[in-house]
Amino acid sequence: LFGSGALFVRRAVNLAKPKLMWLGISLIVVGLILIALMAFWFEMLWFDAIGYSDRFWTFLFTRLGIGLSGFLIAGIVGYLLASGTGKHLRKTLTYISAIVGAVWGVVAWDRSLLFFQGVETNTFEPLLGLDVGFYLFTLPFLDSLFWPALFIAVVCLLAVLLLRENEGVINVDRAFQVPHPRLLIPGASLALALVFAYGQLLAVFHLLYSELGVVMGPGWTDVHVRLPALLTMGAIFITAGLLPLWPGFRGRKKPVRPWP
């Protein structure tokens, strides 16, 4: 299938025939699907033979459930951040965000399973007084959320800053003659600021693994310097994200003159 598909694609490129191109791509896709189905079938038979079929289905449904949840939640976030940009641009950002969420779900399904199945250990760490189970089951899940959230926030902010949709056409309008709703850019910047503040909060938890001292663990500098600095930076990010929402900070809207 792969060889035939590649041959059809090559002939389609040489002869400029779209139908051959689609035929070749279809054969390659069918081959990939067959390989995936065979791998799935063999794994299912193996786990059933050794008496662990429940484990197999738990892992499978967890991956599907977390992937679908990430797809839906990230898509909703992207839709809200792009609300008011235009029909096609909003759809594009929603699809990009949803795909990122689905990829996160497929990659981080095991950390999600740890989070939902986590238990308390009744042993507490000395820095923040949190249960050790938080670091074993919850923190890895929280860490996995940061980079997808940062990617979605950055993409949406750049899109609302640089792109404009006019009569269904998305382009980079240097003069910004097609304005966005007044709160669209401040809302996207607030989302990015909240993600940065979230990163500072995660860094606070990771102080427990500090390697700055003679031994691993939080030292004097971590407790008395880095911890207050991280909390202060988190507050600064949140404040900076909220300020553009205040009309007095944005000021009066001035007319924009087109570039010469």
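What's counted below: heavy atoms across the whole structure, side chains too, no hydrogens, waters or symmetry copies.
- Note on Leu227: it clusters hydrophobically with Met233, by side-chain heavy-atom contacts below 4.5 Å among ILVMFWY residues.
- Taking a 6.0 Å sphere around OH of Tyr135, one finds it holds more than 12 heavy atoms contributed by other residues, nucleotides or ligands.
- Taking the side chain as every heavy atom from C-beta outward, Leu242 and Trp246 never approach each other to under 4.5 Å.
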Checking side chain to side chain contact (heavy atoms under 4.5 Å, CB included) for the pair Val106/Ile66: CA distance, chi angles, key distance, verdict? CA-CA 7 Å; Val106 172; Ile66 298 299; over 6 Å; no

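- A donor-acceptor contact shorter than 3.5 Å is absent between the side chain of Gln200 and the backbone of Ala203.
- Across every non-hydrogen atom of Ala188 and Val160, the tightest pair is CB-CG2, 4.0 Å.
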Stepwise side chain to side chain contact (heavy atoms under 4.5 Å, CB included) test for Phe137 and Gln117: CA-CA 8 Å; Phe137 305 111; Gln117 300 295 327; over 6 Å; no

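- Val195 and Ile76 fall into different hydrophobic clusters, where Ile, Leu, Val, Met, Phe, Trp and Tyr side chains are chained together by heavy-atom contacts under 4.5 Å.
- In this structure, Tyr209 places its OH atom where more than 12 heavy-atom neighbours from other residues, nucleotides or ligands lie under 6.0 Å away.
- Ring-plane geometry between Phe134 and Phe205 is classed as perpendicular, the angle between the planes exceeding 60 degrees on a 0 to 90 degree scale with a lower cut at 30.
- When all heavy atoms are compared, the tightest approach of Asp131 to Gly133 is OD1-N, 2.7 Å.
- Within the 3.5 Å criterion, the main-chain N or O of Leu93 finds no donor-acceptor partner in the side chain of Tyr79.
- Here the side chains of Leu37 and Ile33 are in contact, with some heavy-atom distance below 4.5 Å.
- Taking every heavy atom of both residues into account, Leu145 and Pro148 meet most closely at O-CD, 3.5 Å.
- In this structure, Ser189 contributes its side chain and Pro186 its backbone to a donor-acceptor pair below 3.5 Å.
- With hydrophobic clusters built from ILVMFWY side chains whose heavy atoms lie under 4.5 angstrom apart, Trp104 does not share a cluster with Ile99.
- The shortest distance between side-chain heavy atoms of Pro218 and Leu208 falls below 4.5 Å.
- The nearest pair of heavy atoms linking Pro228 to Val225 is CD-O, 3.3 Å.
- Among all heavy-atom pairs drawn from Gly75 and Thr94, the shortest one is O-CG2, 3.4 Å.
- Expressed to the nearest 0.5 Å, how far CG of Asp54 lies from OG1 of Thr58 amounts to 6.0 Å.
- Looking at Glu120, its side chain never comes within 3.5 Å of a backbone N or O of Asn122 through a donor-acceptor pair.
- For the atom pair Ile185 CD1 and Leu245 CG, the distance stands at 12.0 Å (nearest 0.5 Å).
- Asp222 contributes no side-chain N or O that, together with a main-chain N or O of Leu207, makes up a donor-acceptor pair within less than 3.5 Å.
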I'd like to know whether Leu113 forms a side chain to side chain contact (heavy atoms under 4.5 Å, CB included) with Phe59, so could you lay out the CA-CA distance, the side-chain angles of the two residues, the decisive distance to 0.1 Å, and finally the verdict. CA-CA 9 Å; Leu113 193 60; Phe59 280 13; 3.9 Å; yes

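- The shortest side-chain heavy-atom distance between Ile152 and Ser97 falls under the 4.5 Å cut-off.
- Both Phe141 and Trp147 are members of a single hydrophobic cluster when ILVMFWY side chains are connected at heavy-atom separations under 4.5 Å.
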Candidate pair Trp41 and Met44, rule side chain to side chain contact (heavy atoms under 4.5 Å, CB included), full reasoning: CA-CA 5 Å; Trp41 181 256; Met44 184 184 68; 3.1 Å; yes

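- Counting heavy atoms from C-beta outward, Phe196 and Ile238 have side chains that stay 4.5 Å or more apart.
- Here Thr123 contributes atom OG1 and Leu130 contributes atom CG; the two are 13.0 Å apart, rounded to the nearest 0.5 Å.
- Contact check for Leu139 versus Leu202: side-chain heavy atoms found under the 4.5 Å cut-off.
- The shortest heavy-atom contact between Ser144 and Arg111 is CB-NH1, 4.0 Å.
- Note that the CZ atom of Phe146 and the CG atom of Leu150 stand 5.0 Å from one another [nearest 0.5 Å].
- In terms of hydrophobic clustering, with Ile, Leu, Val, Met, Phe, Trp and Tyr side chains grouped at heavy-atom distances under 4.5 Å, Tyr95 and Val155 are assigned to different clusters.
- Taking 4.5 Å as the limit, every side-chain heavy atom of Phe116 sits out of range of all side-chain heavy atoms of Thr62.
- Arg226 places a side-chain heavy atom less than 4.5 Å from the side chain of Ser210.
- Counting non-hydrogen atoms of neighbouring residues, nucleotides and ligands closer than 6.0 angstrom, the CZ atom of Phe71 reaches no more than 12 such neighbours.
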